[in-house]
Trainee: 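Take a look at this one; I'll ask things after.
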Amino acid sequence: MLRALFISLSESRSLRTFAERSSIGQRLSSRFVAGTEVEDALRAARAVNQAGMSVSIDNLGENVTNAEEARSSAQLYKAATMVPPNFVRVDMEGSPYTQRTLDFVHELHRQPENQGRVGAVIQSYMRRAASDIERLLDEGIRIRLCKGAYKEPPEIAFQKKSEVDANYVKLMKILMKSGIYHGLATHDEKIINQAKAFATKNRISRDAFEFQMLYGIRRDLQQALVREGWRMRVYIPFGAEWYPYLMRRLAERPANALFIARNLFRK
Ligand code: FDA
């Protein structure tokens, strides 16, 4: 029930406008969002790098509604263009965007200068995930596997956690055996242990794939994996439009709301 509440709050335009503009809102989000400026993300990235992990940086903002917003977001990523070119992963949002996002990734990846530099995200709660993976692997496209963070109807998505987890493990094994470098994005310790056991049993080297987690979540587990010699990437979100992202993190673990509230009263 709380999950549904936070997901519906994530869609509230008025709350979003209020929260994103208030200084108290920005303080509340700071555990899971690096800050509002590029410099905040770079500062967080340096600290994560120093702890032996690589990073993905995400300028928050979803479902842009006009060309101006799209252009200004694209401009920010252009400012971050690196030599040699960096890797760009196109995040996956709710199901109205699934097909067009995948089409976009396929189209970008077909351009010779982008080969191996553009990746997709697959959500294991989607019933179509296995066939999407097959097509992406046919073209050698790197995949981030996650469980999925949106509310989707039963016709297209598994509803029970046990089904989503079982599909995750099934797809994870396909990815790990594919010979392509993929990212396993989860904080689920049981699944992470299964991935480690599968890699060891099948002699899949520790640099053939990576674990990925979100900034501020299970930092203990992130560091433990690095100590054990596994590759770990932390996803660092930043930007003024942090509200829907934070609400989805609360939906995944409502106890985070208490945690955030406690931090607010700390000096
Ligand atoms: P699950 O939700 O089953 O949780 C397992 C355990 O992990 C919990 O018991 C708890 O210990 C810990 N945990 C999970 N979430 C937590 C939280 N918010 N706070 C504290 N502890 C938590 N989704 C999407 O739809 N599109 C996308 O593009 C992405 N991208 C993405 C990138 C990366 C790097 C990650 C890690 C995740 C995503 N996601 C995503 C989100 C993903 O789909 C999913 O919603 C969350 O990762 C939570 O699922 P878990 O796999 O962690 O398992």
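FYI, side chains are in, hydrogens and waters are out, and symmetry mates aren't considered; it's all heavy atoms of this structure. Start at 1 and go down the list; that is how both ligands and their atoms are numbered.
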Trainee: Do Arg16 and Glu241 meet the salt-bridge criterion of a basic N to acidic O distance under 4.0 Å?
Mentor: yes

Trainee: Answer yes when Lys147 and Asp188 have at least one side-chain N-carboxylate O distance shorter than 4.0 Å, and no when they do not.
Mentor: yes

Trainee: Answer yes or no for Arg248 and Phe6: cation-pi contact, defined as NZ/CZ to six-membered ring centre under 6.0 Å and angle to ring axis within 45°.
Mentor: no

Trainee: Charged N to carboxylate O under 4.0 angstrom, Asp40 versus Arg43?
Mentor: yes

Trainee: Thinking salt bridges, do Arg206 and Glu228 make one under a 4.0 Å N-O criterion?
Mentor: no

Trainee: Heavy atoms under 4.0 Å from ligand 1: which residues qualify?
Mentor: Asp91, Met92, Val121, Gln123, Arg144, Cys146, Lys147, Gly148, Ala149, Tyr150, Lys161, Ala185, Thr186, His187, Asp188, Gln212, Met213, Leu214, Ile217, Tyr235, Arg249, Glu252, Arg253, Asn256

Trainee: Tell me whether the NZ or CZ atom of Arg249 lies within the 45° cone about the ring axis of Tyr245 and under 6.0 Å from its centre.
Mentor: yes

